Protein chains: 2
Amino acid sequence: MAALPSGILGDLDPTSDRAVFRQIADQIREAIDRGRFKEGAKLPSESELVEHFGVSRMTVRNALAILQSEGLASSEHGKGVFVRPRPPVRRLASDRFARRHREQGKSAFTVEAEAAGSKPEVDSLEVREEKPAPDISARLGSPRKVLARRRRYLLDGRPVEAAVSYLPLDLARGTQIAEPNPGPGGIYARLEELGHRLDHFDEEVRARMPSPSEVKMLRLSSGVPVISLIRTAYDTDGRAVEVCDTVMAADAYVLAYQLPAN
Amino acid sequence: MAALPSGILGDLDPTSDRAVFRQIADQIREAIDRGRFKEGAKLPSESELVEHFGVSRMTVRNALAILQSEGLASSEHGKGVFVRPRPPVRRLASDRFARRHREQGKSAFTVEAEAAGSKPEVDSLEVREEKPAPDISARLGSPRKVLARRRRYLLDGRPVEAAVSYLPLDLARGTQIAEPNPGPGGIYARLEELGHRLDHFDEEVRARMPSPSEVKMLRLSSGVPVISLIRTAYDTDGRAVEVCDTVMAADAYVLAYQLPAN
DNA sequence: CACCCTTACTCGTATAGACGAGTAGCTAAG
DNA sequence: CTTAGCTACTCGTCTATACGAGTAAGGGTG
C-alpha cells in the first residue's frame, strides 16, 4: 500500500541536471535541517518514497545512502530509516590530566562520567608485553619491548573510546602498572610514585573514517568518523614514559584545549 | 574485453554468510593494506571485477562504494577508481599563535606553508558586518552585531581550510581589522595594538562528516571527514575578543597540543 | 604538424524484478 | 492469559539491462 509520506517533501525538478537521487537526498536533508523530521524520527519508508517520487527503489536507496554517509540518518533492518539522534557529547578538558585530579584517586573517566550523570564502564582489559610498532617505538625512544594496556570505555552501555597505553618495559615490568588494575589515580599516579614526575603531555589529534574493526569495537553507525588522539607523556627528565593511542567515536566527543598567547 | 585483474584478488566464499559485496570490499581493502595496490594506483575496473568475481555490476559498485566511504579509494569519472593518495599533512602546533611568531609580521599559515615547501594561497575573502549566530554570540558576550571575516586557505592549489573570524563590532569597526587586508601579523597583531593584549585561546575540536557545501568548498573526496575547530581569543581583561570557526579537511591536518602536567 | 572525430574504454544514473531477513502486530491455538 | 505462528511491513542483497557522460588514444583530414 504505502501511504503518502505527508506534505513535507516536494517534487523533483526534471529540468535540473542534478541527479534524481541527489535531489531526493537534498529534499530529505533540508526537511531534517528544518526540523520537519526530528531527531530519532522515522523517515518515510523506501516504498513510500518510491511512490511519492515515482522512481525506482534503487534510486531511493541511493538517496538514503547519501544521508547515511553524511551521518544524518541511519537505517535499522526491519524497522526503517531514522534521523540520527545526536548523543550527548563528552567534553575532554585540557586539564584533565592535572595532578590535582590524579590526587583525588579516581580515574578521570569515572569522575567525569558520574558528574555528567552517566554510568561509566571499562572493559576488554588486556595487559601484555609486546614489540612496539615503529611509530610508537620512535616516540618512546625505541625500547625493544613495551607493556601494552588495552581497554575500552563505555558510557551508559555505549562504547565511546578504545585506548592502548604503551610504556617502556624496563619502566613498567614488575610494578602495579603491569597489573590489570593499576590502582587509584591510574598509571600516571604510579609513574610519579616510581619517581617519574610528569612534566607535560604532547597530544596529536587526527580525524578519519574508522576501519571495519573500529566500527565493530565502537559500534559506530555509518557516517561517523573517529578522532584519533596520540598522547605522549614526558617526565621532568624529558623522557617519554608513556604513549597512549586513543580512538574515539567522533559524535561522542569535543576536545577542549587552552593555549597561552605568549 | 576486460583483462584479468591480475592474481591479487582471490575467490569468494559462497558458504560465508558475509554479503558478497562485503567480501569483495574486504579483498580489495586487504590488497590495499598489504601494498598490493599502491597509493594512487588504479584499481581493477568495474567490468574487470565483474568478470573476475562473476557477479553483477551493482554488486561490484557496492563493494567499491564501501571503500570510498572508508576513505580508501576514490573514483574518477571516465578514468577509474584509484587508491586514495594520502596528501602530506599540515601540522598545527599549539604555539602557532605565540606572540613571537606574530611579531615576525607574516601570517602563520604563510610561514608554515613556505617552510614546508608548499605554495600558500588565501582566497574568497569577505569581510562584512552581520548578526551573530547564537553560539558565536554567546562566546563573544552577546554583542548585537559582529564583524565577520571569511576566507579559504589553499596549499599548492588545494583548498584545505575554510575559516570565519567573528569580532565584536564595537571593537573592530573602523580599524584595519575591518579591511580586507589586516596588515602584518594579522588581526591578532592589530588587536594588541588596539590595547587588547591577548592572554590565552580556548580551542574546541570536533570531527564530523562534511555538509554538501563544505564538500564543494574544500573539494573533499568521499570518505574524508572534517575537523571543526572553534577558537576563542581572550584578552588580559578576560574579554573574548574574537571567535574563529574553522573547518579543515581532516586528511590534510594533524593538530598538536602541549599540555602541562601540573 | 595541428586539429577533429571516432572509438573504446571508464564510471554515473536509472529501471524492474526477485528473494532474503529482521520486526512488529494480530490472531488463533493451547 | 499466554504463546506460537501468520502476515505485512521494513531494509538488505543481488541480478540484468540500458543509456548517459567523461576520458584518452588512434587515425584521418586539413
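The shown structure was predicted, so the numbers you read here are calculated from the model rather than taken from an experiment. Below, read A as the first sequence line, B as the second, and so on, with proteins coming before strands; counting in each chain starts at 1.
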Indicate yes or no: does A/Glu214 engage A/Arg152 in a salt bridge with an N to O separation below 4.0 Å. no

Between D/dG12 and A/Ser75, is there an OP1 or OP2 to side-chain N/O distance shorter than 4.0 Å? yes

Looking at residues 56-68 of chain B, who's got a heavy atom less than 4.0 Å off DNA chain C? B/Arg57, B/Arg61

Between B/Glu161 and B/Tyr253, do the side chains contain an N or O donor and an N or O acceptor separated by less than 3.5 Å? yes

Pair A/Arg151-A/Ser165, side-chain donor/acceptor within less than 3.5 Å: yes

Reported CZ-to-CD distance for the pair B/Arg84 and B/Gln68, which is rounded to 0.5 angstrom: 10.5 Å

Just wondering, more than 12 heavy atoms not from A/Met58 lying within 6.0 Å of its CE? yes

Residue A/Val55, side-chain atoms from C-beta onward, closest of C/dA14, C/dT15, D/dT23: C/dT15

Expected output check: what is the dot-bracket annotation of DNA chain D, where ( ) and [ ] are pairs inside the strand (brackets for crossing ones), | is paired with another strand, and pairs are Watson-Crick or G-U under 3.5 Å? |||||||||.||||||||||.|||||||||

With distance as the sole criterion, is a donor-acceptor pair present between the side chains of B/Tyr257 and B/Glu203 under 3.5 Å? yes

Sidechain N-carboxylate O distance under 4.0 Å for B/Asp13, B/Arg18: no

I need the minimum non-hydrogen distance between B/Ala252 and B/Val160, along with the two atoms involved. CB-CG1, 4.0 Å

